[in-house]
Amino acid sequence: MDKLIIIDGNSIANRAFYALPLLSNSSGLHTNAVYGFTTMLLKLIEEEKPTHFLVAFDAGKITFRHKEYTEYKGGRAKTPTELSEQFPLIKELLTAFKITQFELSGYEADDIIGTLTKVADEKGKKVLLVSGDKDMLQLASDHVTVAITRKGITEVELYNPQEIKDKYGLTPAQIIDLKGLMGDTSDNIPGIPGVGEKTALKMLHEFGSVEEVLANTASLKGKMKEKVEEHAKDAIMSKELATIFREVPMETEWNSYRYDGFDGQALSGMFRKLEFKSLLEKMDFGPGAVAEDQVVESLEAVAVTETNVGDLVGKLSDSAAIHVEAVGENPHQAAPVGVVWFVDDGAENKSYYVPISLLKSEAGEPLRTWLSDASKKKQLFDLHRARLVLAWQGITLAGVDFDALLASYLLDPTESNLSLSGLTYKYGLPGVKTDEEVFGKGAKFRLPELTALSDHLGRKGMAVARIVPVLREELEKSGMQSLFYELEQPLAGVLAEMELQGILVDAEGLKALGVELVKQLDTIMASIYKLAGVEFNINSPKQLGEILFEKLGLPAWKKTKTGYSTDAEVLERLAPYNEIVGQILHYRQLAKLQSTYVEGLLKEVRPETGKVHTYYRQTIAATGRLSSQFPNLQNIPIRLEEGRKIRKVFVPSEPGWYILAADYSQIELRVLAHISQDEKLKEAFLQNMDVHTKTAMDVFGVEESAVDSNLRRQAKAVNFGIVYGISGYGLSQNLDISRKDAEQFIEQYFAVFQGVRKYMDDIVKDARRDGFVTTMLQRRRYLPEITASNFNLRSFAERTAMNTPIQGTAADIIKLAMVQMAERLKQDGLKSRMLLQVHDELVFEVPEHELETMRRLVPEVMASALPLDVPLSADVDYGLTWYDAK
DNA sequence: AGACTCACG
DNA sequence: ACGTACGTGAGTCTG
C-alpha cells in the first residue's frame, strides 16, 4: 500500500529552529533547524515507512495572495539570518535523503501541498501531511491525515476528519471559515476584530459558514452585530486568503514522488560537515558509506614485551610521535597504563605499546633514556599531563617539540571537545575511537584486552603523527607561532615543575580551624532551628525557601528555574525583617569554609609529603587564563577575614624559609590604557595615581579632596564594568542604582575617556569583520555570535569582544613573567621556587638569604615581562605563611 | 546530571 | 523591548 508523506518545509524548519537551542558547528555554521529537520525525517522514515515523499517550500516573497491583499503576511518579523542560512543546508540534506523537494514561484508550500493531496484524494492514496500550521487541517480527508507538531518537533498530533469534528465540531472545509472569522495575526489576516476562536466556533456551530453568518447578522446582538456587519468584507477576504489553492501547475504523476531510501554516502558526508556526531554514531549508513567518507589507515599495533622490546629500541630515532596513557582525571594521581611509540618508516605504520611495568623494568631502560633525552624530539598530545604522569613514576620527559593539545587549544580556545578523537574528526584525519567507546565509563570503566588496547593507543600515536603537521601550518596561518613555541609550550613545563613541587599545608592547623568552625556551626544551627521553630536542612535551598517565604512569610522577589532564590543578594535584603536571615548568611559563610576549604583541602593533602599539588589547566579558559583543579588554589578566601585565615595554613616546605607573593597592580586597566591609547587613562598610570580616585574625579567632575570612599567605590565599579564590556543594566545591578543613573555614569565616563570609547567601538567592529578578536600576543577567540540577530546572544558576544583582549593580554603578560621567572631562578642559581599563580599574583617559597634578592627580582621581572606604553607594577610582600605575605 | 550557591581574579 | 556584568572550580541537594 502506497503511503505519501508531505512535509511543509518552511513550517517545520521554523518549528525546529525555535524549538532547539542555537547549535552551531565548529566553523560557526548554525545547525539547529537542520538538526531538528533531520531527526524528524529519520523518525518519519522509520515509523511510517513511506513509499513516496515530498517536501514543499514557499518560493520568493510575492504570491498570488499579495495581489488580492497587499498586506498579506505584512508586519512579520524578518527571518533571522541564523535560520535563513540553514535553508540551503536543508535542501542539501533532502538531496542526500533522496527526497523530492518542490517550490514554485508565486505559490506557497500550502498550495503545492493542497494540489497534491487533491490528487491523492482522487486516486485514493494514503497521505500523511506534516506541518506546524493548523491551517493545514482544511486538507484532512479520509485519505489525508494531518500531523501538527506539538511542543518540540518530533512529537505530533494527528488529525483526521473525525478528530477535527471531535475537537472543534467542524468539518475540514470549515477550518477556512474559522480563519475567515477569527483571522490570523501571524499572516496578517484581519478576520473580524473582537472575534477569537471561541466566538468564531460558536457562530460556525450555529450558521455553518462565513457567508451564512453574514446573512444572519440580524440574530446577533449589540456590539458583536455591529462589528460583524462593519467587517463583513474583511471576513470574506480573510476566508479567501486562508483557502488553500489546489490547482498549482505541477507534476501530478504519483510515481514521480517515489521514495526508495537515502544515499548513505552523501548523508554521512553531510552529517560530518554539520558535526552531527550522535547521529553519525548511531546510524547505519549502509555498506561502504562510512568507509568511503572516512580515511582509514592501516596500522600494525605491536604490544611490546620483554622478548621483542629490542625491535622498538632498534627503531628509536631523533624524532617520534608518542602517547602517554593514564587512567584518572587528576594527572598527579592517575594510574599510568603505558607509553606508545608510533613509527612511520615509509612502508608501513607501526605502533609499539609499552606497558608501564615494562617501561619501569630493567628492559625499559633504553626507552626511559630516550624519553629523558632532550635531543630526541617528541610530538605528543598533552605534554603537561604526560610529564606529570611520568614524573610520578620517576621518569623524566624532555625534548618535546610539539604538543597537539596546546596547539589545538590556541587555534580555538572555545573548542569543547579537545580530545584526539574529536580533533582527528574535526580535521578529517584517520579516526581514533573515543576513550569512552573503548574503556566504557563510570562503573563500567575497564581496560580492554591487550590487542584492543594496543590498537586503540597505537591509533592515538598515529593520530598525533598525522595531526601535528596540520596544526603547525594552522598556527603559522593564524600568526600564533611565537605564542605557541615561545610562550605556551615552555609554560607547560614550568607549570608541571610548580605542581610537582606543590605547596606545604599545615594540616594540623587546618584541622584546628575545622574544629573551631564546627563548634560555631553547631551554635548557629541551633539558633536557626529555634528561630524557624523547626529543624530542616539549611543546605537545601528548597527547604530554606519554604521556611523563609512560606512559613515565615518573608517577601520573595527573585526566583530561580526551580523555585525561590535564596542567594546572598536575596538574604541581605531580607536581613532587616528577621533575625534568622543574618544567621543563615553567617551559617552559609562558615559552612562554605568548612566543606570546601577545610574538609575539601584536607582531602587533597598527600599524606606522604603533607603537600597539595594542584593541576593548572592551560586549555580550559577561553581568554587564555589558567585554571586550577584538585584542589583549586586560585579561589582561596581573602575578602573576608574569617576566610582569609585559611591562608595561614599554606606554609614554606623548608624550615627558615618564607612565602613571598607579588601581585600586579591594576593590570587589566593598564592593559586597557595601552591597547586603547586613551590619553586620560594613560596619564593616570604615568602619574602613578590611584586609578579609581582619578576616575571618580573625572567622571563626577570633582577635586581629589572631594573623592570620599563612596565615590571611589562607585568609580571602581565603573572601571570593572568597563573591563567586563559595560552595560547600563549590569552596572546598575552591581551598584544597586537605577539603570538610568548607571547609564549616566557610563556616558560621563566615555565623555572623558574617549579613547576607551573608540576602542570599544572598534573592537566590536573588528570582531564583526574578522569573526574573532586577539590579544597583544595574537591569542585568538572566535565570536560567531557577534552577528546574531538574537539580542542577548549578540550582546554577550559584544561584551566578550571588549573583555577578551584585556583579560587575555593580562594572561599573556603573567604567563610571560612566569616563563622568564623560571629561567631567571635557574640561571641565577637561586633556591627559591615558584609555587602558585592566581591570575595576577605569583607565590614563591624563598630561603631567608634570598629574601632581598627575590623582593627586588620578582616585581622587576613581572613589570618588565611585556613593555607597554604605561608602566606595569607589582607589589610584593613576604611572611611565614601565605596569609602574612599580603 | 543539573541546578544552586559561593569562593577567587 | 530584549535581560547580563568577564573568567573559573567545588560542594551540596535533588530528581
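This one's a predicted model, so the numbers in the text were calculated from it and none came from an experiment. Reckoned from all heavy atoms, side chains included, excluding hydrogens, waters and symmetry mates.
- Judged by distance alone with a 3.5 Å cut-off, a donor-acceptor contact links the side chain of R739(A) to the base of dG3(C).
- Separating the CG atom of L590(A) from the P atom of dT12(C) is a distance of 15 Å, rounded to the nearest angstrom.
- H332(A) and H613(A) have tilted rings, their planes meeting at an angle from 30° to 60° on a 0 to 90° scale.
- The distance from atom CH2 of W882(A) to atom P of dG9(B) is 9 Å, rounded to the nearest whole Å.
- Note: OH (Y587(A)) to C1' (dG11(C)) measures 12 Å, nearest angstrom.
- Residue K592(A) places no side-chain N or O under 4.0 Å from the OP1 or OP2 atom of dC6(B).
- Geometric assessment of R739(A) against the ring of Y729(A) yields a negative cation-pi assignment under the 6.0 Å and 45° thresholds.
- To the nearest whole angstrom, the two P atoms, one in dT5(B) and one in dA5(C), are 13 Å apart.
- The side chain of T566(A) places an N or O atom within less than 4.0 Å of a non-bridging phosphate oxygen (OP1 or OP2) of dT5(B).
- Relative orientation of the F700(A) and F745(A) rings is perpendicular, given thresholds of 30° and 60° on the angle between their planes.
- The side-chain ring of Y729(A) is stacked on the base of dT4(C), judged by centre separation under 5.5 angstrom and plane angle under 30 degrees.
- Between S628(A) and dT8(C) there is no side-chain polar atom (N or O) within less than 4.0 angstrom of OP1 or OP2.
- Put simply, CD on Q594(A) is 17 Å from P on dC6(B), counting in whole angstrom units.
- Residue pairs meeting the salt bridge (Lys or Arg N to Asp or Glu O under 4.0 Å) criterion with at least one member in residues 614-635 of chain A, sequence neighbours excluded: R625(A)-E668(A).
- Under 4.0 angstrom from either OP1 or OP2 of dT4(C) there lies no side-chain N or O belonging to R799(A).
- Atoms CD (E785(A)) and C1' (dG3(C)) sit 16 Å apart, rounded to a whole Å.
- With dT14(C), dT8(C), dT12(C) as the candidates, the nucleotide lying closest to the side chain of S540(A) is dT14(C).
- Taking only side-chain nitrogens and oxygens, N537(A) comes nearer than 4.0 Å to OP1 or OP2 of dC13(C).
- Using a 4.0 Å heavy-atom cutoff across all strands shown, I806(A) reaches no nucleic acid atom at all.
- dC6(B) and dA1(C) are spaced 32 Å apart, taking the C1' atom of each and rounding to whole Å.
- Neither OP1 nor OP2 of dA5(C) sits under 4.0 Å from any side-chain N or O of S727(A).
- Taking side-chain N and O atoms only, K542(A) has a distance below 4.0 Å to OP1 or OP2 of dG15(C).
- Both key distances under 3.5 Å define a Watson-Crick or G-U pair, and stretches of 3 or more such consecutive pairs in DNA chain C run B:1-9 with C:6-14.
- Within the structure, a side-chain polar atom (N or O) of Q543(A) is placed less than 4.0 Å from OP1 or OP2 of dT14(C).
- Taking side-chain N and O atoms only, S795(A) has no distance below 4.0 Å to OP1 or OP2 of dC2(C).
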### Query
Which is it for Q807(A) and H839(A) under the side-chain hydrogen bond (donor to acceptor under 3.5 Å, both in side chains) test, yes or no, and what are the steps along the way?
CA-CA 10 Å; Q807(A) 191 182 119; H839(A) 309 306; over 6 Å; no
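- For the residue pair E415(A) and S408(A), no side-chain donor N or O sits within less than 3.5 Å of a side-chain acceptor on the partner.
- Aromatic ring pairs are classed by plane angle as parallel below 30°, tilted from 30° to 60° and perpendicular above 60°; the pair F445(A) and F439(A) is tilted.
- T596(A) has no side-chain polar atom (N or O) that falls below the 4.0 Å cut-off from OP1 or OP2 of dA7(B).
- The residue among T623(A) and P631(A) whose nearest nucleotide of DNA chain C lies closer to the 5′ end is T623(A).
- Straight-line distance from the OH atom of Y616(A) to the P atom of dT8(C): 16 Å, rounded to whole Å.
- If you check distances only, the side chain of R781(A) never reaches the base of dG7(C) with a donor-acceptor pair under 3.5 Å.
- Note: CG (L836(A)) to P (dG9(C)) measures 16 Å, nearest angstrom.
- Exactly one residue among D812(A), T623(A), T774(A), T804(A) makes a side-chain hydrogen bond (donor to acceptor under 3.5 Å, both in side chains) with R779(A). That residue is D812(A).
- Within 3.5 Å, no donor on the side chain of Q634(A) pairs with an acceptor on the base of dC8(B), nor the reverse.
- The CZ atom of R639(A) sits 5 Å away from the P atom of dG9(B) (whole-angstrom rounding).
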